[in-house]
Visitor: 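Quick one: the structure is below, and I'll ask about it shortly.
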Amino acid sequence: MTAQRPRKRFGQHFLRDPAIIDAIIDAIFPAASDVIVEIGPGTGAITRPLAARSARVHAIEIDRELARQLRLELATIRNLTIHTADALTFDFETLGQPLRLVGNLPYNISTPLLFRLIDFRHIVADMHFMLQKEVVDRMAAPPGGKTYGRLTVMLGCRFEIESLFDVPSSAFDPPPAVTSALVRLRPLPSKSFAVRDEAVFDRLVRTAFSQRRKTIRNALSGITSASDLSAAGIDPALRPEAIPIATYIVLANRLAAGSGTTKAGGGLE
């Protein structure tokens, strides 16, 4: 592709290493019947091999100039559609289902995009993303450590998360200041974690980890009580990162059912 200067405002780091590109394609393992959605195709490094091995590729690119160049240079790829759009607002349901999502995600949108994709998990077969290694570590973290947090809980009750391999900064142009990693997410069966009310669960987890240095009793003091925590099997003296995903769900479901004591001024609605 014609040389394109990476734009800092879009967080662009173009993948260049052929060995890493091959490893990513092998990990995704496209099938001839797959509909693949690539978020942030960049210069088309993995777009071409994805299109060669799948039924249809939809590439979502926010950079208008980059999207224009891709249309020109990949015009002969008949099963490729390039969408000039922002993945943070794009309606993935318009592309059908099931979808396989892939991408080298810009670091500046990776976390909000992951949260948004939770709402589309019912049409997703799997997702393979290149992310900052620190983000992947947080996604797959077990309870008890500093990397376990809101992202871990919100994704972990909806997806099976597998860190596949690290990618050095030298694989990109320009090289980012951090190591990256490829992660695979597969939607869990619908009854794996039965969240009664998504809004209540989201508010509870967000509140808990907004004050993670406090005990769980103090972090949630505005919305529930120590007796509610104990009823859900939670030691009120623990910190938020010590609470397993399933236990957060027990507490959220208790509050959603009206079994808990919601504090005045701190409602979960």
Side-chain angles (χ1 to χ4, degrees), residues 10-11 15 21-63 66-67 70-71 74 77-131 135-136 139-140 151 154-165 180-193 195 198 202:
F10 290 135
L15 189 61
I21 293 168
D22 288 346
I24 292 171
I25 298 300
D26 287 345
I28 297 169
F29 201 73
S33 59
D34 286 345
V35 176
I36 293 178
V37 181
E38 184 185 6
I39 299 173
T43 57
I46 67 171
T47 312
R48 295 175 179 85
L50 286 173
R53 295 172 58 177
S54 59
R56 167 66 56 182
V57 173
H58 293 275
I60 301 172
E61 178 55 62
I62 192 173
D63 185 331
L66 200 53
L70 285 169
R71 287 191 183 96
L74 305 183
I77 302 179
R78 300 301 181 188
N79 62 335
L80 170 65
T81 303
I82 298 169
H83 304 263
T84 305
D86 185 348
L88 287 172
T89 58
F90 188 84
D91 184 1
F92 293 90
E93 293 207 50
T94 62
L95 304 180
Q97 58 179 294
L99 303 175
R100 303 190 69 194
L101 273 59
V102 306
N104 173 26
L105 300 187
Y107 297 152
N108 57 347
I109 70 160
S110 59
T111 297
L113 181 58
L114 288 167
F115 279 125
R116 184 165 188 272
L117 291 175
I118 289 173
D119 294 336
F120 293 98
R121 65 189 184 279
H122 61 288
I123 62 169
V124 169
D126 61 17
M127 301 188 285
H128 290 80
F129 292 138
M130 184 82 71
L131 298 163
V135 174
V136 174
M139 291 166 62
L151 186 66
M154 298 302 290
L155 294 179
C157 68
R158 279 98 175 202
F159 299 97
E160 173 191 331
I161 300 168
E162 182 183 3
S163 178
L164 298 178
F165 54 82
S180 301
L182 185 70
V183 64
R184 176 185 291 136
L185 298 93
R186 290 193 178 102
L188 291 168
S190 58
K191 295 184 179 179
S192 297
F193 289 99
V195 177
E198 300 275 354
D202 177 74

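Given the structure is predicted, the values throughout are model-derived calculations rather than measurements.
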Visitor: So, taking the atom named NE2 in H128 and the one named CG in L182, what distance separates them when rounded to the nearest 0.5 Å?
Guide: 6.5 Å

Visitor: Grab the two heavy atoms, one from E162 and one from R186, that are nearest each other, plus how far apart they are.
Guide: OE1-NH1, 4.4 Å

Visitor: For R53 and P49, indicate whether the former's side chain and the latter's backbone hold a donor-acceptor pair under 3.5 Å.
Guide: no

Visitor: Enter the distance from I39:CD1 to I36:CD1 here, rounded to the nearest 0.5 Å.
Guide: 12.5 Å

Visitor: Taking the side chain as everything from C-beta on, heavy atoms only, tell me whether L88 gets closer than 4.5 Å to I109.
Guide: yes

Visitor: Has E61 got a side-chain atom pairing as donor or acceptor with D63's backbone, closer than 3.5 angstrom?
Guide: yes

Visitor: Main chain of A27, side chain of R184: is a donor-acceptor contact present, judged purely on distance under 3.5 Å?
Guide: yes

Visitor: Does I123 reach the side chain of E93, with side-chain heavy atoms less than 4.5 Å apart?
Guide: yes

Visitor: Starting at CZ of F165, measure out to OG of S180 and round the result to the nearest 0.5 Å.
Guide: 10.5 Å

Visitor: Is there a side-chain contact between I77 and N79, using heavy atoms and a 4.5 Å cut-off?
Guide: yes

Visitor: Among F90, F92, F115, F159, which residue meets the ring pair (Phe, Tyr, Trp, His ring centres under 6.0 Å) test with F120?
Guide: F92

Visitor: One pair to check against side chain to side chain contact (heavy atoms under 4.5 Å, CB included): L99 and H58. What are the steps and the verdict?
Guide: CA-CA 10 Å; L99 303 175; H58 293 275; 5.7 Å; no

Visitor: Without swapping roles, check the side chain of R116 against the backbone of A87 for a donor-acceptor pair under 3.5 Å.
Guide: yes

Visitor: Name the one of V135, N104, L114 that satisfies side-chain contact (heavy atoms from CB on, under 4.5 Å) with F129?
Guide: L114

Visitor: Give, for atom CG of L105 and atom CG of L113, the distance between the pair rounded to the nearest 0.5 Å.
Guide: 5.5 Å

Visitor: Within a strict 4.5 Å, meaning less than it, do heavy atoms of the L15 and I24 side chains meet?
Guide: yes

Visitor: Working to the nearest 0.5 Å, report the span between CD of E38 and CG of L80.
Guide: 8.5 Å

Visitor: Ignoring hydrogens, what is the shortest heavy-atom contact between P30 and I25? Give both atom names and the distance.
Guide: CD-O, 3.5 Å

Visitor: Please name the pair of heavy atoms, one in I28 and one in R100, separated by the smallest distance, quoted to 0.1 Å.
Guide: O-NH2, 2.6 Å

Visitor: Provide the closest heavy-atom pair for L70 versus P41 in the form atom of the first, atom of the second, distance.
Guide: CD1-CG, 3.6 Å

Visitor: For M139 versus L131, what's the shortest heavy-atom pair and its separation?
Guide: SD-CD1, 3.6 Å

Visitor: Using every non-hydrogen atom in the two residues, find where M127 and V124 come nearest and quote the distance to one decimal.
Guide: CG-CG1, 3.6 Å

Visitor: Side chain to side chain contact (heavy atoms under 4.5 Å, CB included), that's the test. Do R71 and T84 meet it? Break it down for me.
Guide: CA-CA 10 Å; R71 287 191 183 96; T84 305; 2.9 Å; yes

Visitor: Keeping the roles fixed (side chain from D86, backbone from I62), state whether a donor-acceptor pair exists under 3.5 Å.
Guide: no

Visitor: How long is the straight-line distance from CG of L164 back to CD1 of I161, given to the nearest 0.5 Å?
Guide: 12.0 Å

Visitor: Would you confirm whether R121, through its side chain, and P187, through its main-chain N or O, come within 3.5 Å as a donor-acceptor pair?
Guide: no

